[in-house]
J.: 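First the structure, then my questions, so here it is.
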Amino acid sequence: MNDIQHLINKINKFRDERNWRQYHNPKDLAISISIEAAELLEGFQWINSEEALKTNKENIREEIADVLIYSLMLCSDLGLDVKEIVEEKVVKNGRKYPIR
């Protein structure tokens, strides 16, 4: 089992032990990703990156984790292979934004 699948299994186990899957349909997971991404932005609001990392690093770490957790749950629920979709997107971006 790869590291990503291990994380997904751990996340899903946590969710299932609390009977939260009923609240985690694709639409609500997508909304949650957006909300958590906005919370990540709050750590940078009105200050430069260096200051944000100096004063908000722990919160930034937690919000990144929340974005990733919801994203991994959504991939799992949709039957998407995380490694595959990321690799495909990197190739697509490489064609869209070639090295000059």
J.: To the closest 0.5 Å, what do you measure between NZ (Lys10) and CD (Gln5)?
T.: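 Answer for the NZ-CD pair, Lys10 versus Gln5, is 14.0 Å.
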J.: Should Leu80 and Val90 be counted in the same cluster of Ile, Leu, Val, Met, Phe, Trp and Tyr side chains packed under 4.5 Å apart?
T.: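 In one cluster with Leu80: Val90, yes.
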J.: May I ask whether Leu74 and Val82 are part of the same hydrophobic cluster, defined by side-chain heavy atoms of I, L, V, M, F, W, Y residues being less than 4.5 angstrom apart, directly or through others?
T.: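 Yes; Val82 is reachable from Leu74 via cluster members.
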J.: Could you give all pairs that pass the side chain to side chain donor-acceptor pair (under 3.5 Å) test and reach residues 73-83, with sequence neighbours left out?
T.: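 Sorted result for residues 73-83: Asn12-Ser76, Arg15-Asp77, Arg21-Asp77, Lys83-Glu87.
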J.: Please evaluate residues Glu84 and Glu88 with respect to the criterion side chain to side chain contact (heavy atoms under 4.5 Å, CB included), reporting the C-alpha separation (whole Å), side-chain torsions for both, the decisive distance (0.1 Å), and the verdict.
T.: CA-CA 6 Å; Glu84 179 182 299; Glu88 287 174 359; 3.4 Å; yes
J.: Surrounding CG of Asn2 (heavy atoms of other residues, nucleotides or ligands, distance under 6.0 Å), is the total greater than 12?
T.: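 More than 12 within 6.0 Å, yes.
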J.: Name all residues meeting the salt bridge (Lys or Arg N to Asp or Glu O under 4.0 Å) criterion together with Lys27; count only those two or more places apart in sequence or in a different chain, and write none if there are none.
T.: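 Testing Lys27 for salt bridge (Lys or Arg N to Asp or Glu O under 4.0 Å), a comparison that skips the adjacent residues, returns none.
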J.: Are Ile60 and Ile33 connected, step by step, through hydrophobic side chains (Ile, Leu, Val, Met, Phe, Trp, Tyr) whose heavy atoms are closer than 4.5 Å?
T.: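 Unlinked, Ile60 and Ile33 end up in two clusters.
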J.: Asn56 and Asn59: side-chain donor and acceptor closer than 3.5 Å?
T.: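 No - no donor-acceptor pair under 3.5 Å links their side chains.
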J.: Rounded to the nearest 0.5 Å, what's the gap from OG on Ser34 to CG on Leu29? Could you check?
T.: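 The CG atom of Leu29 is 12.5 Å from OG of Ser34, to the nearest 0.5 Å.
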J.: Return the CG to CD distance between Leu40 and Gln45, rounded to the nearest 0.5 Å.
T.: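 Result: 12.0 Å between the selected atoms.
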J.: If I take atom CD from residue Glu62 and atom CD1 from residue Ile69, how far apart are they, to the nearest 0.5 angstrom?
T.: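 It comes to 10.0 Å.
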J.: Applying the 4.5 Å side-chain criterion to the ILVMFWY set and letting contacts propagate, would Leu41 and Tyr70 be lumped into a single cluster?
T.: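 Leu41 and Tyr70: separate clusters.
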J.: Is there a continuous path of hydrophobic side-chain contacts, each under 4.5 Å between heavy atoms, that joins Ile4 to Val67?
T.: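 Yes, one cluster joins them.
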J.: Taking all non-hydrogen atoms of both residues, which atom of Gly43 and which atom of Ala52 are closest, and how far apart?
T.: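 Minimum heavy-atom separation between Gly43 and Ala52: O-CB, 3.3 Å.
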J.: Please, which pairs that meet ring pair (Phe, Tyr, Trp, His ring centres under 6.0 Å) have at least one residue in residues 16-46, sequence neighbours excluded?
T.: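 For residues 16-46, and leaving out neighbouring residues, the ring pair (Phe, Tyr, Trp, His ring centres under 6.0 Å) pairs sorted by first residue read Phe14-Trp20.
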J.: Do you know the tightest heavy-atom contact between Ile85 and Cys75?
T.: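 Scanning both residues completely, I find the closest heavy atoms to be CD1-SG, 3.8 Å.
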J.: Looking at Lys54 and Glu50, is any side-chain nitrogen of the basic one under 4.0 Å from a carboxylate oxygen of the acidic one?
T.: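 Lys54 and Glu50: not salt-bridged.
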